[in-house]
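Heads up: the structure comes next, in structure tokens.
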Amino acid sequence: MTGSVYRKNEDGTYTELRSPQTLYKKGPNNSWIKVIVDLEEDILFVTRLKDKRLAFHTSEGELYQLESLEDVEAHLGFQSLDSTNVVNMSKIKHIDEYRNVHFDYPPVKGKPFASIASSVYHAYNQDGLLDEIMTSNRGNQYTVTINSRNSSAIKRLAFGKG
């Protein structure tokens, strides 16, 4: 089954999807539920919504592409950390002295990272929430290098209450 996408049928057999596409349907509490469809088999028609997103209509209802940061933020675990990104909070492993969020620990030069706005950093850090997130995501490994340029903020982040 490598390289292809299959759907399990009601009788337990599998059918290969010719044109697989990941779309999303609205779930409870403004959440989004991932759905993999076959564009050729499942989609009846497509409409453009007022916000320019596309709605894919199936016999089961409407499905949507995630087109905006607000759409992605609606996913469980994604949070807006500044005006240009939303981050999967379960993937954060480290926040450096420049308030860059890293997804590897220790951070690896050249790997993707996101920024965190100062106001968001302080709001999350007030109760040690960033500390808890990083510790949990690292599997409880915990080592932080304190940069003397901004050591009080980094120290609070690394050790909770400061």
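No experiment lies behind these values; they were computed from the predicted model shown. Sequential numbering from 1 along the given sequence is applied to the chain's residues.
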Within this structure, what is the CG-CE distance for the pair Leu81 and Met89, rounded to the nearest 0.5 Å? 5.5 Å

Answer whether the closest heavy-atom distance between the side chains of Thr47 and His57 falls below 4.5 Å. yes

Between the side chains of Asn9 and Thr15, is a donor N or O closer than 3.5 angstrom to an acceptor N or O? yes

Note, Lys93 side chain near Arg138 side chain (heavy atom, < 4.5 Å): yes

Rounded to the nearest 0.5 angstrom, the NZ-CD1 distance for Lys26 and Ile33 is 12.0 Å

When rounded to the nearest 0.5 angstrom, what is the spacing between CG in Leu129 and CE in Met134? 10.0 Å

Reported CD1-to-NE2 distance for the pair Ile116 and His122, which is rounded to 0.5 angstrom: 9.5 Å

Is it the case that the side chains of Asp82 and Thr84 hold a donor-acceptor pair, with the cut-off being a distance below 3.5 Å and no angle test? yes

Is there a side-chain contact between Val86 and Gln79, using heavy atoms and a 4.5 Å cut-off? no

Restricting to non-hydrogen atoms, name the atom on Ser31 and the atom on Pro28 that form the minimum distance, rounded to 0.1 Å. OG-O, 2.7 Å

Does atom CD of Glu16 have more than 12 heavy-atom neighbours from other groups under 6.0 Å away? yes

List the residues meeting ring-ring contact (aromatic ring centres under 6.0 Å, His included) with Tyr64, not counting sequence neighbours, and say none if there are none. Trp32

What is the minimum heavy-atom distance between Tyr24 and Thr22, and which atoms define it? OH-CG2, 3.8 Å

Linking I/L/V/M/F/W/Y whenever any side-chain heavy atoms sit under 4.5 Å apart, do Leu54 and Val35 land together? yes

Value rounded to 0.5 Å, distance of CG in Asn125 from CD1 in Ile95: 7.5 Å

Identify the heavy atoms of Ala55 and Leu49 that sit nearest to each other, and give their distance. CB-CD2, 3.9 Å

Scanning both residues in full, the closest heavy-atom pair of Glu40 with Ser19 reads OE2-OG, 2.6 Å

Is a side-chain donor or acceptor of Asp38 paired with a backbone partner of Arg18 at a separation under 3.5 angstrom? yes

Would you name the heavy atoms of Arg99 and Ala117 that are closest together and state the gap between them? NE-C, 4.0 Å

What I'd like to find out is whether the side chain of Phe103 reaches to under 4.5 Å of the side chain of Val87, using heavy atoms alone. yes

Check the angle between the aromatic planes of Tyr6 and Tyr14 and answer parallel, tilted or perpendicular using the 30° and 60° thresholds. perpendicular

Step through the shown structure and confirm whether more than 12 heavy atoms of other residues, nucleotides or ligands are within 6.0 Å of CZ on Phe113. no

Which atoms form the tightest heavy-atom contact between Thr58 and Leu44, and what is the distance? C-CD1, 3.6 Å

Heavy atoms, side chains only, cut-off 4.5 Å: are Leu39 and Phe56 in contact? yes

N/O donor-acceptor pair under 3.5 Å between Ser136 side chain and Ile133 backbone: no

Ile43 versus Leu23: any side-chain heavy-atom pair under 4.5 Å? yes

Atom pair CG (Asp104) and CD1 (Ile92), whose distance is rounded to the nearest 0.5 Å: 12.5 Å

